[in-house]
Amino acid sequence: MDIVINCFTQKPDAVARLVCFPWAGGGSIHYARWGRVFNDSIEVYSVRLPGRETRAKENFFQNMQQIVDEIVEALLPALKEKPFAFFGHSFGAMTSFAVADSLKRLHGLEPVHLFLSGASAPYSEMRIGAPKRSELTDEEFLQWLSSIGGTPPELLANPEVLKLFLPALKADLHVVENYRCDRPTGPSLSCAVTCFDGKQDVPHDLQAWKEMSSSGDFTVRMLDGGHFYLKDSANEKVLVDFITKHLETSEMDYL
């Protein structure tokens with residue numbers, strides 16, 4: 001599991017685990033650091049995908065099923081131990097949903113809460129009609145990357161850094177842009193769902209996420225900022241406080 005999961009701060013007495021899924025091209029460090037931010041009641045697992053950090057020499061995954069299969073296999077023993085929740089931003093929102101769906105269908109397990117950020121539901125018309133960024137030329141791709149923020153301009157201007165960074169980003173975008181999920185005929189999950197988004201980001205169809213859970217506990221929170229609003233320290237505190245409150249006060253029914 002240590003290959004796939006980064007856990008900076010182990011908390012064996014935690015009441016719940018929060019599993020965090022990276023955005024496109026992202027590594028595990030940003031969320032692994034959250035383990036030191038959350039209190040002792042919540043242990044943070046941060047997913048590390050192939051082709052980055054200690055897995056830099058591994059080939060990128062080509063489709064969502066490969067990602068789901070690896071994460072489920074790595075996490076399954078730990079997820080049977082205590083209640084867990086998922087947090088995913090953008091590409092991470094898609095992967096967290098795909099993993100949650102697989103866990104429920106194949107193993108009868110599901111998170112007590114799904115925290116989804118910066119993404120339309122995979123079956124929404126808004127998402128299906130979105131342009132494919134992975135097919136842009138390098139020049140167009142860098143212009144788009146600069147427009148959404150989150151990446152320091154000096155890094156985008158450094159050819160050596162781009163050689164390391166762009167392949168992972170394009171590989172993840174290829175996966176998510178080719179991920180297909182039919183609109184559910186009925187809810188596949190029964191957990192609470194919260195969607196976060198930046199007020200200045202491009203619009204996302206957040207309401208469509210409501211269709212995949214029967215819980216009726218659905219919330220949308222809009223925070224100041226663009227696509228990477230969550231990198232702002234004030235917004236991060238809002239996220240951490242909100243997630244902590246909901247995990248600590250949930251009934252934590254886990255059978």
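One-based numbering along the sequence shown. When reading the values below, keep in mind they use all heavy atoms of this one structure, side chains included, and skip hydrogens, waters and symmetry mates.
For D172 and R52, the salt-bridge test passes: some basic side-chain N is under 4.0 Å from an acidic carboxylate O. Using a cutoff of 4.0 Å between basic side-chain nitrogens and carboxylate oxygens, E140 and R133 are not scored as salt-bridged.
A search for side chain to side chain contact (heavy atoms under 4.5 Å, CB included) contacts involving I29 returns N6, F8, E53, not counting sequence neighbours. Under the ring-ring contact (aromatic ring centres under 6.0 Å, His included) criterion, H113 pairs with F115, H246, sequence neighbours left out.
Here the closest heavy-atom approach between residue V72 and residue H107 is recorded as CG1-NE2, 3.8 Å. The nearest pair of heavy atoms linking M64 to A98 is CG-CB, 3.9 Å. Contact record, A93 with A119: CB-CB, 3.9 Å, taken as the closest heavy-atom pair. Across all non-hydrogen atoms, the minimal contact from A121 to R127 is O-CB, 3.5 Å. Looking at every heavy atom in both residues, I42 comes nearest to T244 through CD1-CA, 3.7 Å. Residue H227 comes nearest to L230 through the heavy atom pair O-CD2, 4.2 Å, listed as atom of the first residue, atom of the second, then distance.
Taking the side chain as every heavy atom from C-beta outward, V19 and L75 approach each other to under 4.5 Å. Between K104 and L109 there is no side-chain heavy-atom pair separated by less than 4.5 Å. Put simply, the side chain of D2 does not reach to within 4.5 Å of the side chain of R48, judged on heavy atoms. Contact of the D182 side chain with the Y123 side chain is not registered, since no non-hydrogen atoms from C-beta on lie closer than 4.5 Å. Residues L49 and V4 are not in side-chain contact: their nearest non-hydrogen atoms beyond the backbone lie 4.5 Å or more apart. The closest side-chain heavy-atom distance from Y179 to I67 is not below 4.5 Å. Contact annotation: the side chain of S41 never approaches that of L247 to less than 4.5 Å [non-hydrogen atoms, C-beta and beyond]. A heavy-atom distance below 4.5 Å is found between the side chains of S190 and E110.
Exactly one residue among W209, F86, F21 makes a ring pair (Phe, Tyr, Trp, His ring centres under 6.0 Å) with F97. That residue is W209.
Looking only at distances, a side-chain donor or acceptor of K11 sits under 3.5 Å from a matching main-chain atom of G35. Remark: the backbone N or O of E177 is paired with a side-chain donor or acceptor of R180 at under 3.5 angstrom. For the pair S90 (side chain) and G92 (backbone), a donor-acceptor distance under 3.5 Å is absent.
Under the 3.5 Å distance criterion, with hydrogens and angles disregarded, no donor-acceptor pair is assigned to the side chains of S233 and E236. S120 and H204 are not linked by any side-chain donor-acceptor pair at a separation below 3.5 angstrom, with hydrogens and angles left out of the test. Side-chain contact check for E43 and T9: no donor-acceptor pair (N or O, by modelled atom type) lies under 3.5 Å.
Atom-to-atom distance recorded for D232:CG and L223:CG is 9.0 Å, nearest 0.5 angstrom. Atom CG of D101 and atom SG of C181 lie 6.5 Å apart (nearest 0.5 Å). Taking CG of L162 as the reference point, atom CG of L169 lies at 10.5 Å (rounded to 0.5 Å). A distance of 11.5 Å separates CE in M1 from CG in L76, rounded to the nearest 0.5 Å.
Shown here is I3, whose CD1 atom has no more than 12 heavy atoms of other residues, nucleotides or ligands within 6.0 Å. No more than 12 heavy atoms of other residues, nucleotides or ligands shown are found within 6.0 angstrom of CD on E73. The number of heavy atoms from other shown groups lying within 6.0 Å of NZ (K237) does not exceed 12. Applying the 6.0 Å contact sphere to CG of N39 captures more than 12 heavy atoms from other residues, nucleotides or ligands.
In this structure, F242 has its ring center closer than 6.0 angstrom to the ring center of F196.
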- Query: Does the pair N178 and Q62 meet the rule for a side-chain hydrogen bond (donor to acceptor under 3.5 Å, both in side chains), with working shown?
  - Reply: CA-CA 10 Å; N178 288 281; Q62 299 299 308; over 6 Å; no

| task | Could you go through the salt bridge (charged side-chain N to carboxylate O under 4.0 Å, His left out) check for K245 and D241 one step at a time? | result | CA-CA 6 Å; K245 174 185 175 182; D241 289 348; over 6 Å; no

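Contacts classified as ring pair (Phe, Tyr, Trp, His ring centres under 6.0 Å) and involving residues 39-72 (residues at least two apart or in different chains) are not found.
Figure legend: K199 and Y229 shown without cation-pi pairing, the cationic atom not lying both under 6.0 angstrom from the six-membered ring centre and within 45 degrees of its axis.
With hydrophobic clusters built from ILVMFWY side chains whose heavy atoms lie under 4.5 angstrom apart, L206 does not share a cluster with I128.
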